[in-house]
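Reminder, nothing fancy here: chain letters follow the sequence lines and each chain counts from 1.
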Amino acid sequence: SQTIHQWPATLVQPVGSPLSLECTVEGTSNPNLYWYRQAAGRGLQLLFYSVGIGQISSEVPQNLSASRPQDRQFILSSKKLLLSDSGFYLCAWSTGFPNIQYFGAGTRLSVL
Amino acid sequence: DQQVKQNSPSLSVQEGRISILNCDYTNSMFDYFLWYKKYPAEGPTFLISISSIKDKNEDGRFTVFLNKSAKHLSLHIVPSQPGDSAVYFCAASLKTSYDKVIFGPGTSLSVIP
């Protein structure tokens, strides 16, 4: 069966520090991969998605970037965190149509 | 421009009664719709979906209805249970863009024992 791992679960970082969140999927090949952010009391905002290795689409221009170095690995990064980067970050995968996405447990990021 | 709308931020229902969560969309090209359930500090979990060629889909206590002419769908939960208390997200896929799904802002459901 397929599983998705996302870590860390919780992260507290100072403003201006770098960020690296990792997500890996097991049990499937060539998945579509997604990074979302949920700000406090808000819905899910799609940040990046990838349909293949090295293919990244950005939905919202911001302080973050994403990379897909391997088929089932998706990384969310920042060189310098801002206070506004705080939120709940979610990784998800799907195998195409129907586009049912399966989410990781999320990372709570607090930028102080 | 919000293409998927959930105009009720919250809903309270008595245990055993019906919960009806509503969702409206603006893009007539959407052809697949999904509902997700999310508990605090967890990732959303897929609940039920419906294709635009159908107007109803059932799975146990959960039924989704689609009204394409009104660009409206709803999720019915019968009977509601305290464990159903969560945030429910409506989502939609575009025919020409199966690689991403557009989520609504969510409705927080509280089922009161």
Are [Y] and [X] linked, directly or through intermediate hydrophobic residues, by side-chain heavy-atom contacts shorter than 4.5 Å (ILVMFWY only)?
{"X": "B:Leu11", "Y": "B:Leu73", "result": "yes"}
{"X": "B:Val101", "Y": "A:Ile56", "result": "yes"}
{"X": "A:Leu112", "Y": "A:Leu21", "result": "no"}
{"X": "A:Leu90", "Y": "A:Ile75", "result": "no"}
{"X": "B:Val78", "Y": "B:Val13", "result": "no"}

- Is there any residue in residues 32-44 of chain B with a non-hydrogen atom under 4.5 Å from a non-hydrogen atom of chain A, and which ones are they? B:Tyr32, B:Leu34, B:Tyr36, B:Lys38, B:Ala41, B:Glu42, B:Gly43, B:Pro44

- Query: Quick one: OG1 on B:Thr45 to CD on A:Gln101, what's the gap to the nearest 0.5 Å?
  - Reply: 13.0 Å

- Message: Atom CZ of residue position B:Arg61 - does it have more than 12 heavy atoms of other residues, nucleotides or ligands inside 6.0 Å?
- Response: yes

- Message: Under 4.5 Å from any heavy atom of chain B, what part of A:Leu44 do you find: side chain, backbone, both or neither?
- Response: both

- Interface moiety of A:Ile100 toward chain B, non-hydrogen atoms closer than 4.5 Å: both

- Taking the side chain as every heavy atom from C-beta outward, state whether B:Phe103 and A:Gln38 have any atom pair closer than 4.5 Å. no

